[in-house]
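Because only heavy atoms are used, hydrogens play no part in the values below, and waters and symmetry mates are left out as well, while side chains stay in.
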Amino acid sequence: MVKAPGNGCWIWTGAVSDGYGRISWRSAGVSRTEYAHRFALLIAGQLREGVIGEHRCNEPLCVRVDPGHLIASTQSANLLYAVACGRTGIIRNPAERRDRHARSVAVRDAVAGGWYAGAYARVSGNTAPLDTPPLF
């Protein structure tokens, strides 16, 4: 993972599938694979039955468990937030899911060697000035 400075995202730099980070591990002889953001919630003690990870920062590769980044939420609350942010089309359109994957791979590759705000902004589609806080 690469940490953006200050209160920025912690970007997953491992495996990516369908636009989200993936991690595999073995525990007590059992192999498991999970989304990286759900694994972060698990480590933080916040992953329980019915809980999903909601990216308040709108960065699918972010694994920072923090109120401004990744929170334990419900499916309905996450969908309401996605609607408010204009992200709902990506759920229903298979072509958009592939685009999300390509975007996440580009983000991962841009920061894999360390944080560089310009490279992140170029590949993430973030056109806001880099010192402008997000709306949510």
Side-chain angles (χ1 to χ4, degrees):
M1 147 186 77
V2 171
K3 295 181 181 181
N7 193 34
C9 292
W10 296 356
I11 306 293
W12 177 256
T13 57
V16 174
S17 69
D18 74 336
Y20 294 97
R22 296 289 278 188
I23 186 170
S24 296
W25 75 98
R26 283 182 73 78
S27 177
V30 177
S31 295
R32 301 167 120 195
T33 299
E34 185 65 80
Y35 285 119
H37 63 280
R38 288 182 54 84
F39 186 75
L41 289 169
L42 176 70
I43 289 178
Q46 297 182 26
L47 190 63
R48 291 176 289 290
E49 185 71 29
V51 168
I52 64 151
E54 181 177 316
H55 285 101
R56 302 298 289 186
C57 58
N58 294 313
E59 174 53 66
L61 293 181
C62 185
V63 294
R64 182 177 186 171
V65 179
D66 175 90
H69 292 274
L70 176 62
I71 62 170
S73 187
T74 64
Q75 183 67 20
S76 60
N78 188 39
L79 288 173
L80 287 172
Y81 185 71
V83 168
C85 295
R87 292 191 283 113
T88 55
I90 206 162
I91 296 168
R92 292 171 179 75
N93 183 337
E96 291 294 321
R97 280 195 294 273
R98 283 190 292 278
D99 288 347
R100 180 177 60 202
H101 177 263
R103 179 207 173 270
S104 290
V105 168
V107 166
R108 178 198 64 191
D109 293 348
V111 301
W115 181 255
Y116 177 59
Y120 175 77
R122 248 188 325 279
V123 298
S124 71
N126 179 5
T127 57
L130 297 176
D131 58 353
T132 300
L135 294 175
F136 297 95

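Inter-residue side-chain proximity for Arg22 and Val16 is flagged as unmet; no heavy-atom pair is nearer than 4.5 Å. A heavy-atom distance below 4.5 Å is not found between the side chains of Trp12 and Val2.
Note: Trp25 and Phe39 meet the aromatic proximity criterion, with ring centroids under 6.0 Å apart. Aromatic ring centres of His37 and His55 lie closer together than 6.0 Å.
Using a 4.0 Å cut-off between charged nitrogen and carboxylate oxygen, Arg32 and Glu34 do not count as a salt-bridge pair. Residues Glu59 and Arg64 are not paired through a salt bridge, judged by the lack of any N-O separation under 4.0 Å between the basic side chain and the carboxylate.
Across all their heavy atoms, Arg100 and Asp18 have their closest contact at NE-O, 3.1 Å. The two residues Gly19 and Ser104 have their closest heavy-atom pair at O-OG, 2.7 Å. Closest approach of Asn58 to Cys85, counting heavy atoms only: ND2-SG, 3.7 Å. Closest non-hydrogen pair, Cys62 versus Leu70, comes out as O-CD2, 4.2 Å. The two residues Asn78 and Ser73 have their closest heavy-atom pair at N-OG, 4.0 Å. Among all heavy-atom pairs drawn from Gly21 and Leu61, the shortest one is N-CD2, 3.6 Å.
Of the possible polar contacts, one joining the Arg108 side chain to the Gly14 backbone as a donor-acceptor pair under 3.5 Å is found. Put simply, the side chain of Arg103 gets close to the backbone of Ser124: a donor and an acceptor are under 3.5 Å apart. Side-chain atoms of Tyr81 come within 3.5 Å of backbone atoms of Arg56 as a donor-acceptor pair (strictly under, hydrogens ignored).
Using the six-membered ring where Trp is involved, Tyr20 and Tyr35 have ring planes that are perpendicular, over 60° apart on the 30 and 60° scheme.
Neither Ile71 nor Val51 shares a network with the other; the hydrophobic side chains, linked directly or stepwise wherever heavy atoms of I, L, V, M, F, W or Y lie under 4.5 Å apart, form separate groups for each. Linking ILVMFWY side-chain heavy atoms closer than 4.5 Å, directly or via other members, places Ile43 and Leu41 in a single hydrophobic cluster.
Here the straight-line distance linking atom CH2 of Trp10 with atom CG of Asp66 works out to 8.0 Å at 0.5 Å rounding. Taking CD from Gln75 and CD from Glu54, the interatomic distance works out to 9.5 Å, rounded to the nearest 0.5 Å.
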Handout entry: Full working for side-chain contact (heavy atoms from CB on, under 4.5 Å) between Thr33 and Ile23
Key = CA-CA 6 Å; Thr33 299; Ile23 186 170; over 6 Å; no

Practice task
Under the side-chain contact (heavy atoms from CB on, under 4.5 Å) rule, what do Ile52 and Thr74 come out as? Steps first, then yes or no, please.
Solution key: CA-CA 6 Å; Ile52 64 151; Thr74 64; 5.7 Å; no

